[in-house]
Structure formats: structure tokens, C-alpha cells
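The shown structure was predicted, so the numbers you read here are calculated from the model rather than taken from an experiment. Side chains included, hydrogens not; waters and symmetry mates left out as well; all remaining heavy atoms used.
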Amino acid sequence: MKKILQDLSYGELEELVISLGEKKFRAQQLYQGIMRGEKISKINVSAELRSKLLEEYEDEPVKIIQTFHSSDGTEKYLFALADGNVIEGVFMRYKYGNTQCVSTQVGCRMSCKFCASTLGGLVRNLSSGEILCQVLTVDALHSAEFTPRAVTNVVLMGSGEPLDNYDNVVKFLRAVSAKGGINISPRNISLSTCGIVPKIYSLADEGLPVNLTISLHQTTDEGRARTMPIANKYKIAEILKACEYYFEKTGRRYIFEYSLIADENCDKAHADGLISLLKGRPCHVNLIRLNEVKERTLKSIDEKAAYRFLGLLTKGGLSATLRRQIGADIGGACGQLRASYIENNDN
């Protein structure tokens, strides 16, 4: 596998072109082409420079190999990487803009029992450029429909645990929000983590005020450990303390994701537990009706029960909403399409 040009910052591109005997302004041409989602072979530079680059760098590090269209306008993609691995992403249309959900790893080692991404374990981390290419590829796909760009918001909620790939994720966040590039504000970026406490502190100190989202899904450490092995390492109290630090450093309220799982976490006692844990904190609770994974035994609850649980939280004084289910008819949950693709291609 060759190197990935999209891994390089603008300053690193300048160093590269100079090392290849080119004028510094060539870096601007390369950067503009990259930010348009172009292959190296299509960027408007000399044939000689393209040839030099293609000797060392992948022409198309990430490409769409399958697209799935939902009845609600959501699109889900299977991306092929240069080494043959596949990842997935989602393009979601909202009134306020369009959100691209990106993956940060091939697979995942967190082993959460409600998530299909963990079924095959962790294969490898994605580079910063591979994460960026997911956004650039989808942005280019829809460039004729939207101006100045199709993707206005990014969520790191696809396959993988972002804070388990910390250095590459932080470099991606700097790249995707860079002025002169596609310049997506950190305030329009959400990062979802299962709660790797030391990395939450590190992220708070990066000067990147992204929206921090914690996968909570339970009200006690014992309950959380039944579906999330990470709970055996980091307790809810430790996570809450890290979130407080994040708020102090960034001024951004934090969000707790809470997947509603039948017979597991959505009766009145759990609602009371959430209220006790979170009331008065600068946070929001995002309830999610579980996207069922065929390889798992966990089941969702119906819409009526979900709204009943929401009502208990709001009556108790919590800021909470129930996420609208989108893309369910195209395997909208993390890892489902990749798992299906691998299964079909192994047979």
C-alpha cells in the first residue's frame, strides 16, 4: 500500500513539492484538488508532477463501491480502502444542513454488544487522510446539488472508537476544519466515544471545541458492563468528571447517547437513575431506539414506549430528545453493511 497524500497538511504539502524539485505554489494546486475530492491523476498540475506523486501515493485512497438509498433520503456507502478493507459511512439530510457520518477504524475492539462494528474485532486504525477522504468523496459526489459544499456537519460515529485512534482523529479534526480547506467548524463536528477517560481530558486540551458525545446506555456501572466492556475500566463517575473538565475547557455542553434496549435500560427506575445522575449538569440526553443487529440478541422497544421514557426524563428536568430513526431500511446502524459485505464475499 502506498502513502496517502491526504494525510499531509498544507505545510507538509509545501515541503513535499519542494523536495520533488517543484515551486512552492504547486502545493496550493494540490491542496485545492484534494479538497475537491479529486484523484491525484485528475488534479490540475503538470503530468511530470502527477507521475512523481503516483509513484509513492495512492491515486484514490477511498472509493465508494456500493451506495444504498433509504426512503427518507439517507444514503449509506461502502467505501473500499487501498488495502482491500471496507468501511462504511452515512449521508443524512436535515433542514439545517447535511451530516456525514465517518468511520475512524476498520472494525472496533470495544466489543459493545449492541454494535455490529465490533463483530470482527479491530483490523486497523484509519489514517487521518482516510477519514478525511470519506468526507471529501461524499462532498464531491453531491457537489452539483449543494453550494458551496454538500457536507456541512460531521459526526465521528461510524465504525470504530475515535479516541482509540486518537492521533489520527485529532489530525483529521484539524484538517477538516482548516481555513482554506472545506473549513467545517468544530462546532459542527460531533465525536462519539464509549468513554476512554484519559483521552477525553487530552481532547479537551487540543483547542478543538467539537461536540463531545458519550455512549452511556445505562445508569449504573454494573448495568453498563453488561453491554459495554469499557465499563470495567472506567466508571460513570470518572466519565462525568472528565465531561466536567471538557465543559470547563471548551464551553461546550456534552451529550449522552442512550440506546433504548428492551428489558435492559428503559423502565421508570432507569429514568429516575438518569435524572439523579445528570440533572443540573450542562448536558443533553439523546435517546435512540436500538437498531437491532441480527448477530446479537438485544431488542428494541416500540415508539410509544420510547416516548414514554422521554416524557419521564423531561418531566424530571433533563434536556432530552428522541433521535429520529433514519436509514433503518438500509442497515443504518454502525457496521451492519460492512458485516453483510464481508459475509457475502466470504461465501
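Under a hydrophobic clustering in which Ile, Leu, Val, Met, Phe, Trp and Tyr are joined whenever their side-chain heavy atoms come within less than 4.5 Å, directly or via other members, Y10 and L132 fall into the same cluster. The hydrophobic clustering, which links ILVMFWY residues whose side-chain heavy atoms are closer than 4.5 Å, places V135 and M35 together. By the rule that hydrophobic residues join a cluster once side-chain heavy atoms approach within less than 4.5 Å of another member, I288 and I301 end up as members of separate clusters.
Considering only heavy atoms from C-beta on, N188 stays 4.5 Å or farther from T152 through its side chain. Within the 4.5 Å cutoff, the side chain of L156 has no heavy atoms near those of the T193 side chain. With a 4.5 Å cut-off on side-chain heavy atoms, L216 and V285 do not count as touching. Counting heavy atoms from C-beta on, the side chains of Y166 and E206 come closer than 4.5 Å. Within the 4.5 Å cutoff, the side chain of F79 has heavy atoms near those of the V138 side chain. Looking only at side-chain heavy atoms (C-beta outward), V210 and L203 come within less than 4.5 Å of each other. Side-chain contact between L141 and Y77: present, with at least one pair of heavy atoms (C-beta onward) separated by less than 4.5 Å. Put simply, the side chain of K76 does not reach to within 4.5 Å of the side chain of S70, judged on heavy atoms.
Of the possible donor and acceptor atoms, none in the side chain of E145 sits under 3.5 Å from a partner among the backbone N and O of H142. Side-chain atoms of R289 do not come within 3.5 Å of backbone N or O of A306 as any donor-acceptor pair. Although no hydrogens or angles enter the test, the distance criterion places no donor-acceptor pair under 3.5 Å between the side chain of N98 and the main chain of V151. Between the S19 side chain and the L16 main chain, a donor and an acceptor come within less than 3.5 Å of each other. Judged by distance alone, the side chain of N165 and the main-chain N or O of Q105 form no donor-acceptor pair under 3.5 Å. When atom types are taken as modelled, the side chain of N232 and the backbone of P229 share a donor-acceptor pair closer than 3.5 angstrom. D59 places a side-chain N or O within donor-acceptor distance of the main-chain N or O of S41, the cut-off being under 3.5 Å. Judged by distance alone, the side chain of S103 and the main-chain N or O of S159 form a donor-acceptor pair under 3.5 Å.
Look at E264 and K299 and you find no salt bridge, because none of the NZ, NE, NH1 or NH2 atoms lies under 4.0 Å from a carboxylate O. Comment: K268 engages D272 in a salt bridge, judged by a side-chain N to carboxylate O separation of less than 4.0 angstrom. A salt bridge is defined here as a Lys NZ or Arg NE, NH1 or NH2 lying under 4.0 Å from an Asp or Glu carboxylate O, and E60 with K39 meets this definition.
Within a 6.0 Å sphere centred on NZ of K63, other residues, nucleotides and ligands contribute 12 heavy atoms or fewer. Within a 6.0 Å radius of CG in N44, other residues, nucleotides and ligands contribute 12 heavy atoms or fewer. No more than 12 heavy atoms of other residues, nucleotides or ligands shown are found within 6.0 angstrom of NZ on K24.
Across every non-hydrogen atom of E130 and D7, the tightest pair is N-OD1, 4.1 Å. Heavy atoms only, all atoms of each residue included: E257 and R323 are closest at OE2-NH2, 2.7 Å. Taking each heavy atom of L126 and N168 in turn, the nearest pair found is O-ND2, 3.3 Å.
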Residues 106-114 side chain polar contacts: donor-acceptor under 3.5 Å, at least two apart:
unit_1	atom_1	unit_2	atom_2	d
R109	NE	D164	OD1	3.3
R109	NE	D164	OD2	2.9
R109	NH2	D164	OD1	2.7
K113	NZ	R226	O	3.2

Verdict with supporting geometry, I200 and I214, side chain to side chain contact (heavy atoms under 4.5 Å, CB included): CA-CA 10 Å; I200 295 174; I214 307 292; 3.9 Å; yes
Using the salt bridge (Lys or Arg N to Asp or Glu O under 4.0 Å) rule, take R93 and E75 through it: C-alpha gap first, then chi angles, then the decisive distance, then the call. CA-CA 9 Å; R93 302 168 188 264; E75 294 178 10; 3.5 Å; yes
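For E48, the salt bridge (charged side-chain N to carboxylate O under 4.0 Å, His left out) partners are K52, not counting sequence neighbours.
Checked against a 6.0 Å centroid threshold, the rings of F256 and Y258 do not count as neighbours.
To the nearest 0.5 angstrom, R224 atom CZ is 11.0 Å from T219 atom OG1.
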